[in-house]
Structure formats: structure tokens, C-alpha cells
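Written out below as C-alpha cells is the structure these notes cover.
Letters A, B, ... are given to chains in the order of the sequence lines, protein chains preceding strands, and every chain is numbered from 1.
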Amino acid sequence: MQYFFNWDVVWRATDKLAYGLALGLGMAALALVVGSAIGLGCALVLTSPKLKVLHRPVRWYVEIIRNSPLLVLVFFVYFGLPQAGIRTLDNIDSFVLTLTVYAGAYMTEVFRGGLASIPARYVESGMAIGLSGRQCFFFVTLPVMFRIVLPSLSNNLISLFKDTALASAIAVPELTHTARWINVQTFQVVEAWTSVTVLYLAVSYSLAFVLRRIERRYAVIR
Amino acid sequence: MSATATPANGQDGDGIVLSARDIHKRFGDVEVLKGIDLDVGKGEVVALIGASGSGKTTFLRCVNMLEEYQAGIIRIGGVPIGYHDEGGRRVRLPESTVVRQRSEIGMVFQSFNLFPHLTARANIMLGLTKVRGKSKAEAGAIADRWLERVGLTDRKDHYPYQLSGGQQQRVAIARAVAMDPRLVLFDEVTSALDPELVGEVLTVMRDLAKSGMTMVVVSHEMLFVSSVAGRVVFMDGGRVAEQGSPSEILKNPKSERLRSFLGRFHGVLR
Ligand SMILES: Nc1ncnc2c1ncn2[C@@H]1O[C@H](COP(=O)(O)OP(=O)(O)O)[C@@H](O)[C@H]1O
Ligand SMILES: [Mg+2]
């Protein structure tokens with residue numbers, strides 16, 4: 001059977017592709033930001049002896065999320081929770097929620113590692129000039145940790161962006177879903193999937209490029 | 001009891017900056033400090049010498065309240081720090097009090113410990129703004145003055161990783177003294193440096209000593225000790241074993257322990 005290339009189908013879908021791309025990036029960024037807040041909170045809980053009672057629930061959260069396929073979590077939240085009587089979310093909200101909770105678990109590990117890798121002597125020299133424990137945390141520990149975990153943060157952003165492809169499984173109109181739409185509408189399989197692959201690649205690559213520059217700007221440790 | 005206002009040893013209270021009495025410190029079952037007594041007068045430079053493991057670092061950390069200790073009392077300017085007496089019981093002071101007291105004592109560490117995310121200037125400014133409540137402009141001016149004093153004006157916007165060990169240590173000294181502490185503790189501040197960088201740090205410390213700064217200096221730089229210290233204290237096994245003027249201690253050691261310790265520095269000291 002002969003295959004006829006027709007790249008027009010891609011050009012005609014430009015606005016849909018652009019929207020899909022923006023949606024994917026937006027969902028990933030939101031998940032990273034809110035997920036980081038969750039992760040930082042959980043990491044602080046895990047490193048605080050005073051909050052020992054919360055260690056086990058946080059551990060469970062991290063373990064469950066990290067040992068489940070994201071797609072299963074996406075289905076669980078989108079199809080499962082409404083069955084269990086929890087208010088129905090539309091598909092985009094549902095996916096963002098899932099991705100955020102997912103990112104939070106991974107960011108917990110990132111921040112916990114970051115906090116653990118800060119030598120105690122930095123905090124001690126903060127105390128030696130008379131900073132309180134709280135001031136040491138905000139002016140020394142936190143900014144140093146932020147710089148240590150920056151490379152992990154940018155890797156996670158790129159991973160999350162690629163993970164947004166899974167949202168197509170619940171019909172979120174992001175990039176992968178758009179490719180499938182072109183595919184189904186026009187039967188131009190090669191054009192549809194080539195174009196989104198190139199788009200994923202180009203965006204991930206430029207994102208990595210920009211993030212590396214930011215990292216270098218802040219890489220003041222060692 | 002009016003313990004809080006009573007000077008360290010009766011008559012000459014004003015002149016005494018640090019007074020430590022019978023400090024005992026255990027790590028688990030191991031007693032590391034076995035009753036240290038030490039007085040340091042205003043403007044005095046006291047050198048602490050002694051073999052590795054004799055408790056010099058631990059003692060300095062107790063003075064700066066970075067370690068808790070089980071017995072004894074340390075006064076700064078006559079005021080007990082770290083602990084107080086509560087109906088006959090020895091109780092750790094509230095953290096806020098300890099923090100305030102600690103800001104009166106400067107400490108310079110062997111491993112520099114500059115804040116890695118801040119420039120040399122910002123390292124010095126942090127305590128001035130956050131602890132002393134000075135404005136950015138005021139703190140910046142003080143930082144610039146100290147950077148000039150330690151010869152690093154042209155490095156003020158450099159981050160620690162862009163500075164040599166000697167430069168980092170000079171910034172660390174500037175950061176400690178810029179807080180205008182009553183006492184500065186130096187813990188082997190040249191031990192981690194390449195030999196060719198030791199001199200620039202000792203020069204800064206010599207300059208501070210001359211300006212009347214009260215200093216307790218743990219050092220194995222015997223030439224520096226003999227020329228700058230007013231008094232040398234030899235620690236051995238968690239006790240003060242001998243003390244006196246540099247010439248007494250370094251040239252005419254009484255105990256065998258001190259003689260054998262000094263033997264290692266043969267050639268440096270005649
Ligand atoms: N955090 C600690 N835990 C247990 N033992 C310690 C600790 N810090 C120091 N020590 C022990 O206390 C003793 C005195 O150490 P230190 O004060 O560092 O001596 P110095 O500074 O004179 O070399 C050593 O035997 C050391 O092993
Ligand atoms: Mg030591």
C-alpha cells in the first residue's frame with residue numbers, strides 16, 4: 001500500500017498544536033511549583049524530630065506515589081474518586097491534581113536529600129554570628145539547599161512536561177492528544193506523530209538549555 | 001544571689017571578659033573536659049596549645065555554646081552564659097537568650113565556613129542586618145571597612161568558591177569581628193591552608209591583636225604564638241596543665257608532657 005505525505009494537515013492544526021503545547025507546559029509548571037511546596041513541607045516534616053508522628057504518613061505518601069505508574073494514578077483520580085463520592089473534576093483539573101501530588105512525592109525526596117547534604121558547619125557559623133535557629137534556616141539552609149537541588153528541579157520540570165502526554169488518556173487536549181486527533185481525522189499517521197515528536201524534542205531541549213544557564217548562574221557551591 | 005551581675009573574680013571584674021570555672025564536658029561516657037579554668041582579660045590574647053584530642057576545640061565550642069556541658073560556669077563580662085541557677089538546679093537558658101549571648105562572641109573555624117551562596121561582602125553583612133538590626137547601607141559600609149582592613153576590597157563581590165583558602169579565611173575573620181564581639185575565638189584557623197597562604201591570615205590576626213581585640217587562639221603556629229600571645233595555655237587530657245607567658249611556656253616548660261609536645265616544633269622554636 002502506498003503512503004502519500006501531506007504535511008498540510010500539520011500546518012492546518014497549528015493553533016491546536018500550539019494550544020496543546022502551552023497546556024502541557026502550563027500543567028507541568030504548575031505541578032512543579034505546587035509539588036515543590038508540598039515536597040518542601042514533607043521534607044521538613046521528615047527532618048524534624050518534633051514531628052515524628054507525621055513521619056509515617058509522609059513516608060507512605062512518598063512510597064505509594066513513587067511505586068505506582070503515573071497513568072494508573074491518573075485513572076484512579078479521574079475515574080475512581082468520583083465513584084467513591086468525591087466531587088467530580090473536569091479532566092484538566094483532575095490531571096493537574098494528579099501530576100501535582102505525583103510531583104510532590106518526588107520533590108520530597110529531592111528536598112530531603114538537599115537538606116541532608118548541607119554540612120552542619122554552615123548552620124554553625126550562622127549561629128556563631130548570632131543568628132537564631134529560624135534565621136539560620138531562612139538565610140542559610142534554605143538558599144543553600146535551593147542551589148543544591150536546582151539541577152534536580154530542572155530535570156523534574158522536563159520529566160513532568162513529558163509526563164503530560166499521559167493526560168491524553170483522559171482526553172486532555174494537550175500535544176499528544178492533538179497528534180491523535182490529527183491522526184484520526186486525516187489518517188496522516190507519520191505527519192501527526194513526527195510533528196509532535198519534533199515539538200516535544202525541541203521544547204524539552206530548549207528548556208534544558210535555558211535551565212542549565214540558570215543553574216550555572218546559581219551554582220555557587222563548590 | 002546576685003549572680004548575674006557579680007564580676008568573675010571579685011575586685012577586677014571590669015577587666016575580665018571571659019571567665020570559665022571548672023568546665024566539665026562529656027561525650028557519652030567519655031569525659032573530654034575535666035575541669036577547665038580560664039580567665040581572659042580585656043584586650044588579652046591567649047593562645048591555647050596542646051596535642052590533638054586534648055579538648056581545645058571542645059572548650060571553644062562550650063564557650064560559644066555550640067556544645068552543652070555538664071558542669072561549670074562560663075561568664076562573659078561577669079554575666080553567666082548558657083546556663084543559670086534555678087533553685088539550686090543548673091538549667092539551660094532559653095534559646096533566645098543563648099542566641100543573644102552568642103552574638104557577643106565571635107568564632108572563626110578551621111574550615112572557613114563562609115556562607116557559600118553569599119559574596120564576601122554579603123557574608124559580612126548578614127549578621128549586621130539580621131542580628132544587629134543595621135540598615136543595608138550601614139552594614140555595607142561596615143563590611144567595606146573590614147574588607148579593606150583584611151586587604152580584600154577588590155574581592156568583595158566574589159563568592160567563596162572564587163576565593164583562595166587564605167582569602168576565605170580573612171573574610172571569615174572579618175565577618176566575626178564586624179559584629180563587634182567582646183571576644184573572638186580562633187580554632188586552628190590556618191591548619192586547613194596551604195603553607196603559602198598561612199602568612200596572610202596570621203598578619204590579619206596580628207593586626208587585630210595589636211588593635212586591642214580580646215582573643216583566644218588555638219594554634220600550632222608557634223612563631224605566631226610566641227610573638228603575639230600575651231599568655232600561653234597548655235591543655236593536656238582535658239585539663240589546663242600549664243600556663244604562663246610565651247617565654248615561660250615555650251622556652252622553659254616544666255612538665256614532661258609539655259616538653260615532649262613542644263619537641264615536635266623543634267626548629268621553629270629555638
Ligand atoms: N562530637 C563528638 N562526639 C564524641 N567525641 C567527640 C566529639 N567531638 C570531640 N570528641 C572527642 O573529644 C576529644 C577532644 O576533642 P577536641 O576538642 O576536638 O580536641 P582538640 O581540638 O584539642 O584536638 C577527642 O577525644 C575527640 O575524639
Ligand atoms: Mg581541634
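- Partners of B:A178 according to the side-chain contact (heavy atoms from CB on, under 4.5 Å) rule, which considers only residues two or more places apart in sequence or in another chain, are B:I124, B:L128, B:I142, B:W146.
- A distance of 11.5 Å separates NE2 of B:H24 from SG of B:C62, quoted to the nearest 0.5 Å.
- Every residue two or more places apart in sequence or in another chain that forms a ring pair (Phe, Tyr, Trp, His ring centres under 6.0 Å) with A:Y200 is listed here: A:F161.
- Crowding of A:E215 atom CD: a count of heavy atoms from other residues, nucleotides or ligands under 6.0 Å exceeding 12.
- Taking 4.5 Å as the heavy-atom cut-off, the residues of residues 91-108 of chain B that approach chain A are B:V99, B:R102, B:S103, B:I105, B:M107, ordered by number.
- Contacts with chain A were tallied for B:M65, B:K130, B:R61; B:K130 has the most, counting heavy-atom pairs under 4.5 Å.
- With rounding to the nearest 0.5 angstrom, the CZ atom of A:F95 is 4.5 Å from the CG atom of A:L99.
- In terms of heavy-atom pairs under 4.5 angstrom with chain A, the leader among B:R132, B:R175, B:Q162 is B:R175.
- Closest non-hydrogen pair, B:V45 versus B:A209, comes out as CG2-CB, 3.6 Å.
- Ring to ring, B:Y83 and B:Y69 are close: their centroids are under 6.0 angstrom apart.
- Heavy atoms of A:E124 lying under 4.5 Å from chain B belong to its backbone as well as its side chain.
- When all heavy atoms of A:A31 and A:T100 are compared, the closest pair comes out as CA-OG1, 3.6 Å.
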For a side-chain contact (heavy atoms from CB on, under 4.5 Å) check, start with the C-alpha distance between B:Q168 and B:V171, then their side-chain angles and the critical distance, and finish with the verdict.
CA-CA 5 Å; B:Q168 288 184 56; B:V171 175; 5.7 Å; no
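- Heavy atoms closer than 4.5 Å to chain A are found in both the backbone and the side chain of B:N113.
- Between B:M125 and B:K136 the shortest heavy-atom distance is CE-O, 3.5 Å.
- Taking 4.5 Å as the heavy-atom cut-off, none of the residues of residues 204-213 of chain A approach chain B.
- Side-chain contact between B:P116 and A:R147 is absent, with no heavy-atom pair separated by less than 4.5 Å.
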